Amino acid sequence: MALDPVLILIAFGSGLLAQRVGMPPLIGYLVAGFGLHAAGFEPQALLDQLANVGVTLLLFVIGLKLSVRQLVKPAIWVGATVPMILFTAISTGIFYLLSLTQWGIFSQLKLETAALIGFTLSFSSTVVAVKILEDRNELKSRHGQITLGILVMQDLAAVIFLSVSAGKWPSIFALLLLGLPLLVKPFHHLLKACKHGEILPLAGFGFAYAGGELFELVHMKADLGALVFGAMLHSSSKANELAKSLMSFKDLFLIGFFLSIGFMALPNWEMLVAALVLMGAIPLKGWMFFKVLTLLKLRSRTSFLSSLSLTNFSEFGLIVGVMSVSTGWLSQEWLVIIALAVSLSFILSSIIAGRAHSFYARWKGVLKSFERSDRLPEDRFVQPESPRVLIIGMGRVGTGAYEEALRYYGEGVWGVDSDVERIQNLQSHGISVIKGDAEDADFWENLDTSSVELMMLAIPSVNDMLDIFELLKMVKYKGKIAAIAKYEDERQMLLAAGASVAFNMYAQAGTGFAVETFSMVDQEYKKPECAN
C-alpha cells in the first residue's frame, strides 16, 4: 500500500494526542510509524529524505551551540568513554549468560554477537536528548553542555566504528580538512551579510549540506561534516539567530525520522520480550553515567540531569545494526529487536526527562551523598554584592530590563544566566551578572536573597518560570516577582502562581513603544504604572 500525503495528518493527529495526554509529540510520531507499518503502508523515499534532512540539520544546530573547548575537558571525554566501555563489557556478559540458559532467542547468541549488541546499545540518542533539552531551553545550561559534549564524543566514536567496519577509510585528501579553521572568519562575514530575512535559514541549509558534501568527498560521514560546519559558526554573532531560524525546519523534518523508525520492522511476541530484556539495561546505563560524572567532581544535580538525558539507546545503534546485518555479523531478527528497544527507550526517556527536575527534588538528599566535596571552578556559587533586583535570564529581554532597572534603582541590580559565554560577554561590557541555573534548588539555597526586593524572570518557558516560583517559595523569598509571557493564557497562569506583575510581550509591545515615545517627546508625560 502506498504512503499517501495523509501521512502528515496522521503524524499531526498522533503528535497532538500525545501532547494532550502530557507526553512529548515525538512519542506520537513513533507510535504512528509502527501503526502505519502494521496497517500495511509502505514508506516512500520521501520519508527517508525527510529523516536525513532532519538529522543533518540537528547536527548542524548542535554545532552552532557547541563550544569545542568543552570537548577537551575530562568531564566530557572521560564521561563519554568510560561509561561506554563499562556498559559494553557488563551488558556483553549479561547477554552471554542469558544465552547459556538456552532461553528463547538468546539461545542463539554467540559471545561476539553479544558484544556487538552491547556496543550498539552503549550509545545515547542525540536526536531525543537534544530535542528534550531544546524544549526545556536547557541546551546552554551546565548539564545541557555536559550532555551535548558527551553525545558529540559518542557520535565521533560511532563514525569511526562505521568507517573501520565498512573498510571505508578517509581519503588522503581528508588532511585538507585541517585547513578548515582558515575559513572561519570568511564564513562569519558571509553569515553576517545574510542579515535577518529568509536568506538566513537558507544559508543554514547551505552550510549544513556543504559540510556534509565536503566530508563525503573525502570518504567521511556527511553528518560529521554538518556538525563541524556548525561548530565553525559557533562564535559568530549570528549563530543564535541562525539556530532559532532553523528550529521549526529541523523539528518538521525530524518527524520523518521518528516515523521512519516504525517502518524498520514489525516484531513478534518473542522479539518484544527480548527487547524488554534489553530495556533492563537502561537503569545500569543511567547509573554508570551518574557515578562517573560525580567521580569527575560534577555536582550531583548536573550529573543526575545529564545522566537522565543520556539514559536511552541511540539512532546510531540502528545504523550500526544495519551495517552489521549487511556484513553478516548480526541476524535480521536481532536488528528488529534492537529497533524496538531503541523505540521503547525513546518513549521512556521522553517521559522521565520531562520530570527530571521533580525527580531530583524528591531524591536530592540521597543523590547529594555521592557528590564530591571539592568543586570544579565552573560549579562554585557566587554571591552578588547587596542585590536589590535579580534579573533571571540575560538574553535580549533580560538585558533590556537590566539597563532600565539600573536607571531606576541606581545600584544593586544583578543578572543571572546559565550560559557561560553570554556571561563573559556581558561582564566584558561592565554588566553585573553571575552564573546560575534558576531551576536549581541548590542555587537558591546557597544564594542570600534577604536584600532582594524584586525578581524579574526574563526566560522564554512558562513551565520553567512556574518551577522557579516553587523554588522561591521553598527558600521563603519575600520580595516581588515580575514575569514575561508570550500568550494571555500563560500570563494568567503566572499571575495565579504568585507573580506580582506578568507582562504580555506581544500584546503590550505597542503600549511600551508608545509610552517610551511619548516620554521622549513630552518631558512632562508621566509613565503609567504596569498593570497586573
Side-chain angles (χ1 to χ4, degrees), residues 24 26 55 58-84 87 121-158 223 227 230-231 234 243 250 254 282-283 285-317 345-346 348-357 359-360 367 376 378-379 418-421 435 437 439-440 461 464:
L26 70 86
V55 173
L58 173 73
L59 289 170
F60 179 71
V61 171
I62 288 174
L64 288 173
K65 300 183 178 183
L66 176 68
S67 174
V68 178
R69 288 177 296 179
Q70 293 283 336
L71 297 181
V72 299
K73 295 184 177 181
I76 301 299
W77 63 268
V78 176
T81 54
V82 171
M84 181 180 292
F87 180 85
L121 300 179
S122 68
F123 297 96
S124 300
S125 174
T126 302
V127 174
V128 172
V130 171
K131 186 75 172 66
I132 292 170
L133 288 170
E134 278 184 343
D135 290 344
R136 294 185 62 88
N137 197 40
E138 294 178 352
L139 268 180
K140 291 294 187 71
S141 66
R142 175 70 165 144
H143 65 272
Q145 288 293 293
I146 294 294
T147 302
L148 197 58
I150 289 175
L151 289 169
V152 169
M153 295 298 291
Q154 288 186 349
D155 291 349
L156 291 174
D223 293 341
L227 176 70
H234 166 76
K250 172 183 63 62
L254 277 177
I282 286 281
K285 189 174 193 177
W287 169 251
M288 285 181 177
F289 275 116
F290 175 75
K291 187 62 178 175
V292 170
L293 291 176
T294 51
L295 287 174
L296 291 169
K297 301 180 182 180
L298 289 172
R299 291 174 52 226
S300 61
R301 179 179 182 272
T302 304
S303 303
F304 179 73
L305 296 179
S306 296
S307 63
L308 278 191
S309 297
L310 296 165
T311 304
N312 48 53
F313 300 140
S314 173
E315 58 280 355
F316 272 114
S345 78
F346 284 3
L348 178 64
S349 183
S350 299
I351 294 172
I352 63 174
R355 296 167 172 78
H357 294 283
F359 286 156
Y360 178 76
L367 294 171
L376 294 173
E378 302 96 311
D379 291 331
S418 60
D419 186 340
V420 175
E421 292 185 0
K435 180 179 178 298
D437 186 343
E439 290 186 84
D440 182 359
S461 171
D464 291 347

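The analysis underlying the following values was restricted to heavy atoms, covering all of them including side chains, and did not include hydrogens, waters or symmetry mates. Computed from a predicted structure; not experimentally measured.
- Scanning for salt bridge (Lys or Arg N to Asp or Glu O under 4.0 Å) contacts around R299 gives D440, D442, with sequence neighbours left out.
- Screening L133, I76, V130 for a side-chain contact (heavy atoms from CB on, under 4.5 Å) involving L151 leaves a single residue, V130.
- For S349, the side-chain hydrogen bond (donor to acceptor under 3.5 Å, both in side chains) criterion is met by N312, not counting sequence neighbours.
- In terms of heavy-atom proximity, A75 sits nearest to I146 at CB-CD1, 4.1 Å.
- In terms of the side-chain hydrogen bond (donor to acceptor under 3.5 Å, both in side chains) criterion, residue partners of S300 (sequence neighbours excluded) are, by chain and number, Y360, E371.
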Inset, instruction - Verify side-chain contact (heavy atoms from CB on, under 4.5 Å) between L305 and H357, making sure each step is shown before the conclusion. - result: CA-CA 8 Å; L305 296 179; H357 294 283; 3.7 Å; yes
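- Partners of K73 according to the salt bridge (Lys or Arg N to Asp or Glu O under 4.0 Å) rule, which considers only residues two or more places apart in sequence or in another chain, are E378.
- Of all heavy-atom pairs between T311 and G286, the closest is OG1-CA, 3.2 Å.
- Applying the side-chain hydrogen bond (donor to acceptor under 3.5 Å, both in side chains) test to E439 and every residue at least two apart in sequence or in another chain returns R136.
- Closest approach of S122 to F87, counting heavy atoms only: CA-CD2, 3.6 Å.
- Under the side-chain hydrogen bond (donor to acceptor under 3.5 Å, both in side chains) criterion, D437 pairs with R301, not counting sequence neighbours.
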Inset, instruction - Could you go through the side-chain contact (heavy atoms from CB on, under 4.5 Å) check for M153 and M84 one step at a time? - result: CA-CA 11 Å; M153 295 298 291; M84 181 180 292; over 6 Å; no
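- Formation of a donor-acceptor pair under 3.5 Å by the S314 side chain with backbone atoms of S124 is found in this model.
- Closest non-hydrogen pair, R142 versus L376, comes out as NH2-CD1, 3.7 Å.
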Inset, instruction - Apply side-chain contact (heavy atoms from CB on, under 4.5 Å) to L293 and I150, showing your working. - result: CA-CA 11 Å; L293 291 176; I150 289 175; 4.1 Å; yes
Inset, instruction - Give the C-alpha distance, both sets of side-chain angles, the deciding distance and a yes or no for side-chain contact (heavy atoms from CB on, under 4.5 Å) between I282 and S345. - result: CA-CA 8 Å; I282 286 281; S345 78; 4.1 Å; yes
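- The CG atom of L298 lies 12.5 Å from the NE2 atom of H143; values are rounded to the nearest 0.5 Å.
- Looking at every heavy atom in both residues, S309 comes nearest to A129 through O-CB, 3.6 Å.
- The two residues G79 and F289 make their nearest non-hydrogen contact at O-CE2, 3.5 Å.
- Rounded to the nearest 0.5 angstrom, F290 CZ and T302 OG1 are separated by 10.5 Å.
- Atom-to-atom distance recorded for S307:OG and K285:NZ is 12.0 Å, nearest 0.5 angstrom.
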